[in-house]
Amino acid sequence: MSLKHCIGLLSGLLFAASASAEMIWSNNSFSLLDGDDYEVGDNSKTVFTLEHASGHSWGDMFVFVDRLHHNNDENDELYGEFQPNFSIAKLAGMELAEDGLISDFYLATQWEFGSNFRGGFDNFLYGAGVALKVPGFKFFKVNLYRRNNEQADDNNQLTLVWNYPFSIGGANFLIDGFLDAVDGNDQITSGYNFTPQIKFDLGSAAGMAPGKLFVGVEYVYWKNKFGIDGTTEQNPNLLIKWHL
């Protein structure tokens, strides 16, 4: 059995063993994005995204699936990630200092999967991460992974994710997103994908519950996209997001 399959099996076993543990919170959402500056494939795409995030007594989990519709009638694509993070502090019964910089640290795992008319792929990532207490941020996490790639040599990845809510004149806004930075090898060039979303809480402004309906912009700056040297994407997308 290959290393990547061992990693996938380990993640599956860990998740299955913990699935019956207490769920502390959960959130599900649907997003629609539209942009015209994609660098690989059709320049114009519409993306439908389903997301699930939840916190458990063993850690947390984030899952999303993108359906990318090509506006020039090319075959659509599917891409997703499954990310269970296993809290070492929670599983070991450790108490972290309330006034410390770190709110949690964990074993970080991730399964990337995708398919299009050319075929599919599965990448497995494993590593470690910390959740930091940064003033004003709902969360700020840093993960360091070893990537086991199906269609290229293995490499490393640094990931930052954040969520920063704020208000202006009684209106609620949210800036969240991620930064993925990868190193290169003989087959791919090092690069990074910086993707923030800037969103206005339209639902709360219209009298709905806060945090339900957002509109805004997602901006993608992806240097050497997919490891292709010199292919840098700068792509604003209109965004609407509904939390179920």
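For reference, positions follow the sequence shown, starting with 1.
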Query raised in the report: Partners of Glu233 by side chain to side chain donor-acceptor pair (under 3.5 Å), sequence neighbours excluded?
Result: Lys225

Query raised in the report: For Ser44 and Asp42, does a side-chain donor sit closer than 3.5 Å to a side-chain acceptor?
Result: no

Report summary line: For residues 77-100, the salt bridge (Lys or Arg N to Asp or Glu O under 4.0 Å) pairs (sequence neighbours left out) are Lys45-Glu77

Query raised in the report: Does a donor on one side chain and an acceptor on the other come within less than 3.5 Å for Asp180 and Asn193?
Result: no

Report task. Flag the pair Lys133 and Asp104 as a salt bridge only when some basic side-chain nitrogen lies within less than 4.0 angstrom of an acidic carboxylate oxygen. Result -> no

**Report entry** side chain to side chain donor-acceptor pair (under 3.5 Å) partners for Lys199, two or more places apart
**Finding:** Asp176, Gln197

Query raised in the report: Once the angle between the rings of Phe137 and Phe140 is folded into 0 to 90°, is it parallel (under 30°), tilted (30 to 60°) or perpendicular (over 60°)?
Result: perpendicular

**Report entry** 4.5 Å side-chain heavy-atom contact, Val161 and Phe139
**Finding:** yes

Report task. Can you tell me which residue pairs pass the salt bridge (Lys or Arg N to Asp or Glu O under 4.0 Å) test with a partner in residues 188-197, sequence neighbours excluded? Result -> none

Query raised in the report: Checking side chain to side chain donor-acceptor pair (under 3.5 Å) against Asn28, which of Glu51, His243, His52 comes through?
Result: His52

Requested in this report: With Thr231 as reference, evaluate Asn224, Val40, Thr189 under the side chain to side chain contact (heavy atoms under 4.5 Å, CB included) test and give the passing residue.
Outcome: Val40

Query - Polar contact flag, side-chain donor to acceptor under 3.5 angstrom, Asn123-Trp111 - result: no

Report task. Check side chain to side chain donor-acceptor pair (under 3.5 Å) between Asn237 and all other residues, then give those that pass, not counting sequence neighbours. Result -> Tyr38

Report task. List the steps, then state whether side chain to side chain contact (heavy atoms under 4.5 Å, CB included) holds for Leu50 with Phe48. Result -> CA-CA 7 Å; Leu50 289 174; Phe48 305 88; over 6 Å; no

Query raised in the report: Who pairs with Asn43 by side chain to side chain donor-acceptor pair (under 3.5 Å), at least two apart in sequence or on another chain?
Result: none

Query raised in the report: Which is it for Asn148 and Leu125 under the side chain to side chain contact (heavy atoms under 4.5 Å, CB included) test, yes or no, and what are the steps along the way?
Result: CA-CA 6 Å; Asn148 287 262; Leu125 290 70; over 6 Å; no

